[in-house]
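Following: one structure in structure tokens, then a few remarks.
Values in this document were obtained by computation on a predicted structure and should not be read as measured data. Order of appearance sets the numbers: ligands from 1, and atoms from 1 within every ligand.
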Amino acid sequence: MTEGIDHTLRDRWTPSGEATALPGHATRWLRARTGLDPADTPAAPASVLAVADSALSEPARAALAEVVGEPNVSTDRQARLGRAGGLSYLDLLRRRSGAELAVPDAVVLPNSPAEVQGVLEVCVEHDLAVVPFGGGTSVVGGVTALRGDKRAAVALDLAHLDQLVSVDPVSRIAVLQAGVRAPEAERLLAAHGFTLGHFPQSFERATIGGFAATRSAGQASSGYGRFEDMVEGIRMATPSGEWRLGAAPASAAGPDLRQLVVGSEGAFGVITEVTVRVRPVPTARRYEGFVLDGWERGVAAVRAMAQYRGLADVTRLSDVDETEVSLALSGGLRTAALRAYLRARRVRRPCLLILGWEVEDGRELAWKRMASLRVLREFDPVTLGRTAGESWRHKRFAGPRQRDALLDIGVCVETLETATHWSQIAALWSSVRGALVGSLTTENRCPVVMCHISHAYETGASLYFTAIVPRDPVDPVGQWQQAKAAACNAIAAHNTAWGGPTGTITHHHAVGTDHRPWLEGEIGAVGAEVLAAVKERLDPTGILNPGKLVPGCDQNGGRANST
Ligand SMILES: Cc1cc2nc3c(=O)[nH]c(=O)nc-3n(C[C@H](O)[C@H](O)[C@H](O)COP(=O)(O)OP(=O)(O)OC[C@H]3O[C@@H](n4cnc5c(N)ncnc54)[C@H](O)[C@@H]3O)c2cc1C
């Protein structure tokens, strides 16, 4: 079990001080393309950040310490700052600028599911809000320390629930505690010859409980499935008592209540253990790159692969802008040669497609690869070979570090995602893209808005947008808030135009605070009432994660409890 309390300030993906820098050619390209005037904008030192005194009463602190032990309750400034929000662009920006932060009044680290249950009981008794905190990688305000109408807010950090509880190799299932981080989960499972196969870009920091609480999707979701597909069972502490779900691999015993808990974002209870389906560690692996001429053709190719059993385990299609940015940021002679090669092949609007297969043996690899290529061949792909595929695989977790480097030189960079059916991919792509470009363009700032499909299904796919634009020096927070609202409104308007929900406000980032205003539009008034009723039953006094997920609950949950 992990000891003590982590005091690391989370002002960047890598620990404070670790250097990340953009290569010179990338900065030059940004200057020419976006109008960026690179400026040194380092993170503000922790000492200048505004942190109000803890509002936790001494009796409440003592009661929490009674449950988890004195060393596992902290009102220390640095420990609280370390749980002051997630890792969205705005979270990082606020921490960098010294702006007002919602800082929890205390950090509590229970050591077992029973202690989690005990902490909830104390919090009910002392009227304390509880913000479950896994890896803290939420990009939608999911771990923002909102107090709502409670006396104080406690960050319930699951870091000490870091054990592999059991493995059933016959059934291929394993029980993991909620605070196990993804790399550690892979290490623990590999000792038994298994993998979870869940590799989101936040892999290095996110936890098993966080994945379940947010319906996460990993980069290999086409092969291994989304996280909810991996969940066999759940153990959850709630203010109304412990709830255990999942008795068999399949069941007709009424609705699948596990799905009420998967995606509940800490608003219904605290997940303490997850029983997950595991797979043998792949022994054969191959990644390849292709280029298709035009986004429409690329989308048609991915759809065909999805509908004719040709999806690779990793299937990722970039639009023209994202492909252009990848080439520009890579730079060098190889990129120049690639551009010439594509010109010679008369590819005018290159869209990069990465396919990756990860399987148990070489024969299966050959068979699966053939199934993909048989479908892809119809779309005239230009083959880039294994170097391009392997290059993507090696850099698959580099995005967050690149984001830090961009933030350091004054760039506004953020992502958002949605999903829709194949028949509406083109329309939704166009309207969200248009909303972002329209909102972020000014006389001297020209945004790059790019998109990729990384999760494909028989009926549709996700759309993952990244926007890069010089940061507004006067109102950097408002700059992104307006763009994000424009994109969310575009998704809502798309749904109205099609006579009902056909696009989601989030495909895998979850609802948190940021998407909550748009949730009812997607699930309807009855859906919102059902969520509120479930919350009322499990959390009657509303201590759990105020202001997140459930529309209409705790209207004052949005109040920041800092200065
Ligand atoms: C750079 C970056 C890349 C990302 N890439 C991806 C990606 O590829 N795919 C993807 O799906 N997501 C991605 N995300 C989003 C994020 O990583 C996921 O939402 C992840 O599932 C959160 O896990 P976590 O442990 O960090 O949870 P946290 O951020 O700690 O919490 C997320 C939410 O779940 C709640 N919660 C956490 N643990 C528990 C628990 N045990 N019980 C109940 N509630 C709990 C929290 O209160 C919060 O509402 C990315 C984020 C970043 C910053």
List ligand 1 atoms under 4.0 Å from Gly266, heavy atoms only on the residue side. 43 (C), 44 (N)
re atom 34 (O) of ligand 1, the protein heavy-atom contact at minimum distance is Ala213 CB, 3.5 Å
Can you list the ligand 1 atoms lying under 4.0 Å from a non-hydrogen atom of Val139? 51 (C), 52 (C), 53 (C)
Say whether Gly134, considering both its backbone and side-chain N or O atoms, lies within less than 3.5 Å of an N or O atom on ligand 1. yes
With a 4.0 Å cut-off on heavy atoms, is Gly269 touching ligand 1? yes
Does even one non-hydrogen atom of Val131 get within less than 4.0 Å of ligand 1? no
Starting from atom 13 (C) of ligand 1, which protein heavy atom do you reach first, and at what distance in Å? Ser202 OG, 3.7 Å
Which residue holds the protein heavy atom closest to atom 25 (O) of ligand 1, what is that atom called, and what is the gap in Å? Thr207 OG1, 2.6 Å
Asn545 and ligand 1 - part of the residue with a heavy-atom distance under 4.0 Å: side chain
With the threshold set at under 4.0 angstrom, would you say Ala510 reaches ligand 1 through any of its heavy atoms? no
Which ligand 1 atoms, with their elements, are less than 4.0 angstrom from a heavy-atom of Ala178? 41 (N)
Parallel, tilted or perpendicular: rings of His452 and Tyr464 (30°, 60°): parallel
Can you find a heavy atom in the side chain of Asp408 that is under 4.5 Å from one in the side chain of Arg96? yes
Is it possible for you to check whether Arg403 lies under 6.0 Å from the centre of the six-membered ring of Trp13, through NZ or CZ, and within 45° of that ring's axis? no
Between Lys548 and His515, is any side-chain donor less than 3.5 angstrom from a side-chain acceptor? no
N or O pair under 3.5 Å between Gly142 and ligand 1: yes
Ring centers of His198, Phe211 separated by less than 6.0 Å: yes
Close N or O approach (Ser138, ligand 1; < 3.5 Å): yes
In the protein, which heavy atom is nearest to atom 47 (O) of ligand 1, and how far is it? Pro132 O, 2.7 Å
Is there a side-chain contact between Ile208 and Ile271, using heavy atoms and a 4.5 Å cut-off? no
Checking a contact table here: which protein heavy atom is nearest atom 27 (O) of ligand 1, and how many Å away? Gly210 CA, 3.6 Å
Check this for me: does any side-chain nitrogen of one of Arg235 and Glu242 sit under 4.0 Å from a carboxylate oxygen of the other? yes
Which is closest to atom 22 (C) of ligand 1 by heavy-atom distance: Leu92, Val130, Asp157, Thr137? Thr137
More than 12 heavy atoms of other groups within 6.0 Å of Arg537 CZ: no
Would you indicate whether the side-chain heavy atoms of Arg215 and His508 approach each other to under 4.5 Å? no
Run through Leu146, Val140, Val143 and flag the one making a side chain to side chain contact (heavy atoms under 4.5 Å, CB included) with Thr513. Leu146
Side chains of Thr272 and Leu161: does their closest heavy-atom pair fall under 4.5 Å? yes
Student check: side-chain heavy atoms of Thr207 and Val180 closer than 4.5 Å: no
N/O of Arg205 under 3.5 Å from N/O of ligand 1, yes or no? no
Go through it in stages, so that I can follow the logic: the residues are Glu417 and Thr506, the test is side chain to side chain donor-acceptor pair (under 3.5 Å), and I'd like the CA-CA distance, side-chain angles, deciding distance and then a yes or no. CA-CA 6 Å; Glu417 32 77 73; Thr506 172; 3.0 Å; yes
Which atoms of ligand 1 sit under 4.0 Å from any heavy atom of Leu87? 53 (C)
Return the residue, atom name and 0.1 Å-rounded distance of the protein heavy atom closest to atom 24 (P) of ligand 1. Gly135 N, 3.4 Å
Would you call Asp105 and Arg147 a salt bridge, taking side-chain N to carboxylate O under 4.0 Å as the test? yes
Distance from atom 7 (C) of ligand 1 to nearest protein heavy atom, with residue and atom: Pro200 CB, 3.3 Å
Sub-4.5 Å side-chain heavy-atom contact between Ile354 and Leu352: yes
Which bit of Thr214 is near ligand 1, meaning a heavy atom under 4.0 Å away: side chain, backbone, both or neither? side chain
Under 4.0 Å from one or more heavy atoms of Phe211, ligand 1 contributes atoms 21 (O)
Of the backbone atoms (N, CA, C, O) and the side-chain heavy atoms from C-beta on, which set of Ile271 has a member under 4.0 Å from an atom of ligand 1: side chain, backbone, both, or neither? both
Contact between Val154 and Leu64 at the side-chain level, heavy atoms closer than 4.5 Å - yes or no? yes
Polar proximity ligand 1 side, Gly218 side, N/O cut 3.5 Å exclusive: no
Would you say ligand 1 has an N or O under 3.5 Å from any N or O of Trp13? no
Note: Ser216, heavy atoms under 4.0 Å from ligand 1, region reported as both
For ligand 1, which atoms sit closer than 4.0 Å to a heavy atom of Pro400? 1 (C)
Provide, to 0.1 Å, the distance between atom 10 (C) of ligand 1 and the closest protein heavy atom, together with that atom's residue and name. His508 CD2, 3.2 Å
Contact between Ala217 and ligand 1, counting heavy atoms under 4.0 Å? yes
